[in-house]
Amino acid sequence: MTTLADLIAVLDAAYPPALAESWDSVGLVCGDPDDELTRVLFAVDATAAVVDEAIDWRAQALVVHHPLLLRGVDTVAANTPKGALLHRLIRSGCALFTAHTNADSADPGVSDALAAALGLTVTGPLDAKPQSAVDNWVVQVPRTHTDAVLAALFAAGAGGGGNYRDCALRVPATGQFRPMAEGGAAPGELQRVEEDRLEVVAPPAARSAVLAALFTAHPYEDPAYHITERAVLPSSRGIGRIGTLPEPESLRAFTNRVASALPPTMWGVRSAGDPDRTISTVAVCGGAGDSYLNAATRLGVDAYVTADLRHHPVDEHLRKGGPALVDAAHWATEFPWCAQAESLVHRALPDLETRVSTLRTDPWTVSASG
């Protein structure tokens, strides 16, 4: 039997909640983790029409990108628009799960799906998310006390994270010392003791707790230990992606490529820059990406594909000689992620029946060229 908890575990592994921005709201919105699942629907937004589709299809879970509940929520009463949707989902036994900025920064994530749709070969993130700082503790301990010291370090917060706990390296060693104080065992004589060299990792925030645990559990009054902090390094995780086209093409041709690759919307696809400019390297950011205009310029790409671009930022960007800009509908740039999420869930939980909603949840409904 596949449960909602199984689905959550797969999605959290692919899109770790720790990657979400501090202001975001991700994860399970409603539903019982112990409930059995047979059908899961994927969509960008939990609109009324998408909720209708999930219920009509008898899905037990709806996985979306955009949070239904985010800022300033103080009621889910059934007589409010969002509350009404939640009540309908709950009454129908359909859970709601959100993967938002954690899916944006994951590897692969939202922008990887966008890059793949455009035929790009990804070379890295647009704005890399630094790896968290971590301490590496090296401790020498008599072998008779190894287990006790490790247990104390683990209880204090050392020994891994994520899906792993109680991680350590144990290397057999021989320690030596020469006691000099009178009254000690054989003062002046070199002593050798069977020891273990232990290595554990821990977050820097746990230093005080780990140090206190070490001194409490270690049999020596002055234990030998060393702490090294790993440098904060960029990773493959982060917002947006940089990629290369199979062959250079003009901005005009590239704009047509984007329009052909993404689902059609009333917004369409528009570009800013010389139509004949040669495009080889491209930055992409699913969703609203004007805050990364400077990053795209700094990385020297030929074009930047994103959504929700505004007049003045675009004008200033072009004045500074930045890359050409391609502006598509917000929903369209994130829609490819739905197939990515569905695929990874189907691979991990093959007994589930999965489907991507083809309903267009882009809010714009009419366009006119004048």
Side-chain angles (χ1 to χ4, degrees), residues 14-15 42-44 65-66 99 101 103-128 236-293 295-309 314 317-318 322-344 356 358 360-362 364:
Y15 311 118
F42 296 82
V44 175
H65 180 52
H66 290 148
T101 54
D104 289 331
S105 287
D107 180 23
V110 171
S111 290
D112 292 282
L114 174 58
L118 302 184
L120 300 177
T121 299
V122 171
T123 57
L126 171 61
D127 185 59
S236 58
R237 292 172 168 174
I239 299 294
R241 290 294 181 266
I242 303 296
T244 57
L245 287 167
E247 298 289 340
E249 58 192 36
S250 69
L251 175 59
R252 182 181 289 104
F254 179 67
T255 304
N256 287 329
R257 171 191 288 266
V258 175
S260 298
L262 299 182
T265 62
M266 289 299 148
W267 182 277
V269 176
R270 57 186 182 178
S271 295
D274 180 357
D276 296 319
R277 176 172 180 166
T278 300
I279 308 299
S280 295
T281 58
V282 179
V284 300
C285 179
D290 63 357
S291 59
Y292 299 101
L293 290 173
T297 300
R298 187 169 58 251
L299 291 170
V301 297
D302 301 315
Y304 176 34
V305 181
T306 188
D308 299 343
L309 293 178
V314 169
H317 169 84
L318 295 177
L325 299 176
V326 180
D327 186 29
H330 190 120
W331 168 80
T333 62
E334 294 176 329
F335 180 74
W337 168 81
C338 296
Q340 179 196 91
E342 182 207 25
S343 178
L344 70 89
V356 172
T358 57
R360 186 180 67 193
T361 58
D362 181 64
W364 306 104

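Contact check for Asp104 versus His65: side-chain heavy atoms found under the 4.5 Å cut-off. Within the 4.5 Å cutoff, the side chain of Leu262 has heavy atoms near those of the Leu114 side chain. Under the 4.5 Å side-chain criterion, counting only non-hydrogen atoms from C-beta, Thr281 is in contact with Val301. Between Leu325 and Leu293 the shortest side-chain heavy-atom distance falls below 4.5 Å.
Sorted by first and then second residue, the pairs that involve residues 110-119 and meet salt bridge (Lys or Arg N to Asp or Glu O under 4.0 Å), not counting sequence neighbours, are Asp112-Arg241. Sorted by first and then second residue, the salt bridge (Lys or Arg N to Asp or Glu O under 4.0 Å) pairs involving residues 251-264 (not counting sequence neighbours) are Glu249-Arg257, Arg252-Asp276. Screening residues 260-273 for side-chain hydrogen bond (donor to acceptor under 3.5 Å, both in side chains) gives Thr255-Ser271, Arg270-Asp327 as the qualifying pairs, with residues at least two apart or on separate chains.
Closest of all the heavy-atom pairs between Leu299 and Leu126 is CD1-O, 3.5 Å. Nearest heavy-atom pair across Ile242 and Pro125 is CG1-O, 3.7 Å. Closest approach of Asp308 and Ala288 over heavy atoms only: OD2-CB, 3.6 Å.
Residues satisfying the ring pair (Phe, Tyr, Trp, His ring centres under 6.0 Å) criterion with Trp331, sequence neighbours excluded, are Phe335. Listed by chain and number, the residues in a ring pair (Phe, Tyr, Trp, His ring centres under 6.0 Å) with His330 are His66 (sequence neighbours excluded). Taking the ring pair (Phe, Tyr, Trp, His ring centres under 6.0 Å) definition, one finds that Tyr15 meets it with Trp337, sequence neighbours left out.
Here the OH atom belonging to Tyr292 is positioned 4.5 Å from the CD1 atom belonging to Ile239, to the nearest 0.5 angstrom. One finds the CG atom of Asp362 at 9.0 Å from the CE atom of Met266 (value rounded to the nearest 0.5 Å).
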